[in-house]
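Atoms considered below: every heavy atom in the structure, side chains included; atoms not considered: hydrogens, waters and symmetry mates.
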Amino acid sequence: MSTLDPASPPTGELPFFVYETLLPGEPNHDLFLRGRTSGERAAVLPRALLYDGPGYPYAIDGHGRVHGTLLTAAPGVYEELLGLLDHLEEYLGPGHPRNLYERVVREIELPGEEQAGKGQPEEGTPEEGAPGAGTVRAWVYLAAAAVTRSLRTGGSVIDGGRWVTRRPPGGPRTP
């Protein structure tokens with residue numbers, strides 16, 4: 001199952017799963033997240049593929065895994081953070097024809113506490129198939145329908161689903 005029931009909207013303040021320019025060390029992390037999160041931890045979006053551009057990395061539904069970070073909004077700033085991320089990701093509302101991304105709820109895998117810092121790959125992300133601490137529902141920005149069609153026909157999949165490892169050390173970063 002790649003999506004949760006859209007007829008039952010999420011209740012409460014869901015965390016956010018990020019996988020691209022909002023990752024720690026990437027340019028938008030400090031611009032949009034500094035002082036607005038109370039927690040960040042390595043996480044994995046299952047049943048998804050990561051594509052390179054155009055312009056930005058995009059995740060779409062697929063047979064793979066995308067590595068990223070689960071963010072929890074700091075107390076009192078959830079609505080502000082939600083608005084900032086919607087603006088950054090050019091999300092105008094569910095199914096809007098001008099969306100660059102769609103904001104959807106997905107189950108996110110969390111690495112097991114016993115895995116933290118023990119031979120993990122870059123950024124402490126969990127190994128494929130590593131035992132986990134479970135799953136959590138979170139907001140994820142996936143490529144909108146038109147972008148997804150374009151990526152599926154002519155896009156480049158980022159092997160391993162890791163944005164930070166796709167660029168050469170010291171190389172230019174996609175905005």
Side-chain angles (χ1 to χ4, degrees), residues 1-7 9-10 14-29 31-33 40 42-71 81-111 121-123 125-129 132 135-175:
M1 177 172 110
S2 64
T3 63
L4 297 175
D5 182 6
L14 294 177
F16 300 89
F17 176 80
V18 299
Y19 55 86
E20 30 98 353
T21 65
L22 289 164
L23 289 169
E26 294 293 331
N28 286 329
H29 183 272
L31 284 173
F32 291 89
L33 303 176
E40 300 181 7
V44 174
L45 173 63
R47 297 172 301 281
L49 295 171
L50 189 60
Y51 278 83
D52 192 11
Y56 307 95
Y58 295 90
I60 67 169
D61 288 327
H63 299 290
R65 295 163 59 87
V66 174
H67 297 264
T69 300
L70 186 72
L71 308 171
L81 183 57
L82 183 64
L84 285 169
L85 295 179
D86 282 353
H87 179 75
L88 173 69
E89 305 295 6
E90 297 185 42
Y91 171 73
L92 303 173
H96 194 285
R98 291 190 354 236
N99 283 350
L100 197 55
Y101 292 86
E102 289 287 339
R103 177 170 32 94
V104 297
V105 177
R106 293 290 190 270
E107 291 290 332
I108 304 300
E109 296 176 354
L110 302 173
E122 185 177 346
E123 301 295 321
T125 55
E127 289 283 359
E128 180 88 26
T135 61
V136 63
R137 289 169 39 115
W139 287 119
V140 179
Y141 291 89
L142 297 180
V147 176
T148 296
R149 283 190 298 275
S150 175
L151 292 169
R152 286 190 192 278
T153 59
S156 299
V157 174
I158 297 173
D159 291 331
R162 295 179 196 278
W163 169 249
V164 294
T165 59
R166 58 123 348 249
R167 68 176 188 277
R173 299 178 181 194
T174 301

Open item on the list: Ile60 vs Leu142, test: side chain to side chain contact (heavy atoms under 4.5 Å, CB included). Steps then yes/no.
Closed with: CA-CA 6 Å; Ile60 67 169; Leu142 297 180; over 6 Å; no
Open item on the list: So, taking the atom named CG in Leu100 and the one named CG in Leu92, what distance separates them when rounded to the nearest 0.5 Å?
Closed with: 9.5 Å
Task: side chain to side chain contact (heavy atoms under 4.5 Å, CB included) partner of Trp139, the single match among Phe17, Tyr91, Phe16 - done: Phe16
Open item on the list: On a heavy-atom basis, which atom in Arg106 and which in Leu45 lie closest, and how many Å separate them?
Closed with: CB-CD1, 3.8 Å
Open item on the list: Between Glu102 (side chain only) and Gly95 (backbone N and O only), is there a donor and an acceptor less than 3.5 Å apart?
Closed with: yes
Task: Minimum heavy-atom distance between Leu49 and Gly62, given as atom pair plus value - done: CG-CA, 4.0 Å
- [ ] Look at the side chain of Asn99 and the backbone N and O of Gly93, then say whether any donor-acceptor pair between them is shorter than 3.5 Å.
- [x] yes
- [ ] Find the distance between OG1 (Thr135) and CG (Leu110) and round it off to the nearest 0.5 Å.
- [x] 7.5 Å
Open item on the list: Could you report the tightest heavy-atom contact between Leu23 and His29, atom names first, then the distance?
Closed with: O-CB, 3.2 Å
- [ ] Taking the side chain as every heavy atom from C-beta outward, state whether Leu22 and Leu88 have any pair of such atoms under 4.5 Å apart.
- [x] yes
Task: NE2-CD distance between His96 and Glu90, expressed to the nearest 0.5 angstrom - done: 12.0 Å
Open item on the list: If we ignore hydrogens and angles and just use 3.5 Å, is the side chain of Thr148 paired with the main-chain N or O of Ala143 as donor and acceptor?
Closed with: yes
Open item on the list: Tell me if a side-chain donor or acceptor on Tyr58 pairs with a main-chain N or O of Val147 at a distance below 3.5 Å.
Closed with: no
TODO: Give, for atom CG of Leu50 and atom CD of Glu20, the distance between the pair rounded to the nearest 0.5 Å.
DONE: 8.5 Å
- [ ] Please say whether more than 12 non-hydrogen atoms of neighbouring residues, nucleotides or ligands are located less than 6.0 Å from NE2 in His87.
- [x] no
TODO: For Pro24 and Glu40, work out which heavy atoms get closest and say how close.
DONE: CG-OE1, 3.6 Å
Task: Side-chain touch Leu71/Leu81, heavy atoms, less than 4.5 angstrom - done: no
Open item on the list: Using every non-hydrogen atom in the two residues, find where Thr21 and Glu26 come nearest and quote the distance to one decimal.
Closed with: O-CB, 3.2 Å
Open item on the list: Does either side chain, that of Tyr141 or that of Asp86, offer a donor lying less than 3.5 Å from an acceptor on the other one?
Closed with: yes
Open item on the list: How close do Leu14 and Arg137 get, counting heavy atoms only, and between which atoms?
Closed with: CD2-O, 3.8 Å
